Amino acid sequence: MKHKSSQAPLLGGLITCSGALMLHLKKAKRRLSPLALCTAFCVAGFSPNAYGADQTATEQTPEPPFDKQRFDKRQPERNWSLIIGAGASYDPKYEGSDEFEVSPIPFVVFTYGEWLEIDPGGISVTVLDQDGFSISAAVGYESGRDEGDGDRLRGLGDINFAATVGAKVGYDWGPVEIYASVDQTIGGSESLIGKFGVEYSAPVTERLILGARAEATVADGKHMQAYFGVDAAQSARSGLPEYKAEAGLKRVDFSASATYALSDHWLVRGEAGIGVLTGDAADSPIVEKKIQPSVSAFVGYKF
């Protein structure tokens, strides 16, 4: 498995491309036929007493209320969204590598109301959203790293795949969101990672949405040592010098994206970004290149 911690959320703008369905209420009208009218007049002419009794009964028995729901053909408004698609990314083989690879990426994005989102990164649940301020909880994963991903990783061992749990706090100011998040890895590197940044996303036309993001990532000592440190045993196996990576600012990322609706259902999205490793991560003997560019493209179908 390849670690993609530097990869920003690539599908955030997809779920905004949807249309509205307009429905009209059809009202039922009751009509009395000419034959029924003739019959009624005949009965009235030959049976005046019966007519009076019927009139009294009619006055005493109220007509049942009109069942509006029976004739209301409107469908309930849908509050979910589903996008299925596929794409590919071109990015470094591992964080700090100077070699690149193309990776196919299938994806499914499902949202329910304003509180649930399931995407390739995991599951996010919004527990508070008021006056632009939001708090959400998330369950995701850290894909880890294989020592076969690059020559400099040989002898360092693998970092196992692991689950993550975390929380995010955000504030929306028009098309701009300011946010901060924290994720704890369960298994794998057993590390704590924090991110804070600002993101812009807004429609330019009825079909085109543009976005931009700037984000900084900080990590604790366990994460830094797992991905950028070299202990004595690893040094003996790999030939790299021993290196102690301390907690701190790990990298800064900048990206721009565009999402275009080809039709009411089909859409395409492209994103380009650049990450810059900093601090002890940048100085690690594992790192071959501090600048980490990436591009990706997707096509999806929205149900």
Side-chain angles (χ1 to χ4, degrees), residues 8-28 66-87 105-141 163-181 183 195 197-213 257-271 296 298-303:
L10 301 175
L11 311 174
L14 292 176
I15 60 175
T16 59
C17 301
S18 61
L21 179 63
M22 302 300 293
L23 299 175
H24 298 279
L25 178 63
K26 297 180 180 179
K27 298 181 179 179
F66 177 70
D67 188 0
K68 182 178 179 180
Q69 292 183 351
R70 179 180 176 184
F71 297 95
D72 192 346
K73 304 301 182 182
R74 291 178 297 179
Q75 299 295 324
E77 184 179 354
R78 194 180 73 174
N79 61 348
W80 59 270
S81 172
L82 175 63
I83 298 174
I84 297 178
I105 305 176
F107 67 86
V108 176
V109 179
F110 174 78
T111 61
Y112 185 82
E114 299 293 332
W115 63 275
L116 175 65
E117 180 175 345
I118 303 174
D119 60 31
I123 302 173
S124 175
V125 177
T126 300
V127 297
L128 176 65
D129 188 357
Q130 186 174 6
D131 298 328
F133 180 77
S134 63
I135 300 177
S136 58
V139 177
Y141 64 90
T164 62
V165 293
K168 177 183 175 181
V169 177
Y171 180 76
D172 289 335
W173 186 28
V176 178
E177 180 190 19
I178 302 172
Y179 64 89
S181 66
D183 290 284
K195 295 182 180 181
V198 57
E199 183 172 7
Y200 171 86
S201 180
V204 177
T205 67
E206 291 183 354
R207 293 183 177 270
L208 178 63
I209 298 174
L210 297 181
R213 178 175 53 251
S257 64
T259 304
Y260 186 77
L262 299 172
S263 66
D264 290 341
H265 297 283
W266 288 100
L267 53 90
V268 294
R269 176 177 171 85
E271 182 169 323
S296 61
F298 299 88
V299 59
Y301 184 86
K302 184 179 186 302
F303 291 88

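Computed from a predicted structure; not experimentally measured. One-based numbering along the sequence shown.
Rounded to the nearest 0.5 angstrom, Ser257 OG and Glu199 CD are separated by 7.0 Å. We find the OG-CD distance between Ser296 and Glu271 to be 5.0 Å, quoted to the nearest 0.5 Å. The distance from the OH atom of Tyr112 to the OG atom of Ser81 is 13.0 Å, given to the nearest 0.5 Å. The distance from the OG1 atom of Thr259 to the CZ atom of Phe298 is 10.5 Å, given to the nearest 0.5 Å. One finds the NZ atom of Lys168 at 12.5 Å from the CD1 atom of Ile135 (value rounded to the nearest 0.5 Å). Leu210 CG to Thr205 OG1: the interatomic distance, rounded to the nearest 0.5 Å, is 8.5 Å.
What you find for Glu177 and Gly170 is that their closest heavy atoms are OE2-CA, 4.2 Å. When all heavy atoms of Ser201 and Ile209 are compared, the closest pair comes out as OG-CG2, 3.6 Å. Scanning both residues, Trp266 and Val299, for their nearest heavy atoms gives CE3-CG2, 4.1 Å. Between Val198 and Tyr179, the shortest heavy-atom distance links the atoms N-CE2, 3.9 Å.
At distances below 3.5 Å, at least one donor-acceptor pair connects side-chain atoms of Thr164 with backbone N or O atoms of Tyr141. The backbone N or O of Gly122 lies less than 3.5 Å from a partner atom in the side chain of Asp119, making a donor-acceptor pair. Side-chain atoms of Arg207 do not come within 3.5 Å of backbone N or O of Tyr260 as any donor-acceptor pair.
By the 4.5 Å heavy-atom criterion applied to side chains, Phe133 and Val169 are counted as neighbours. Counting heavy atoms from C-beta on, the side chains of Val109 and Pro120 come closer than 4.5 Å. Looking at heavy atoms from C-beta onward, Val108 lies out of side-chain contact with Ile118 at the 4.5 angstrom threshold.
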* Candidate pair Thr111 and Asn79, rule side chain to side chain contact (heavy atoms under 4.5 Å, CB included), full reasoning -> CA-CA 8 Å; Thr111 61; Asn79 61 348; over 6 Å; no
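If you run side chain to side chain contact (heavy atoms under 4.5 Å, CB included) between Ile83 and each of Phe110, Phe107, Phe303, only Phe107 comes through.
In this structure, Trp80 places its CH2 atom where more than 12 heavy-atom neighbours from other residues, nucleotides or ligands lie under 6.0 Å away.
Using cut-offs of 30° and 60° on the angle between ring planes, the pair Tyr301 and His265 is parallel.
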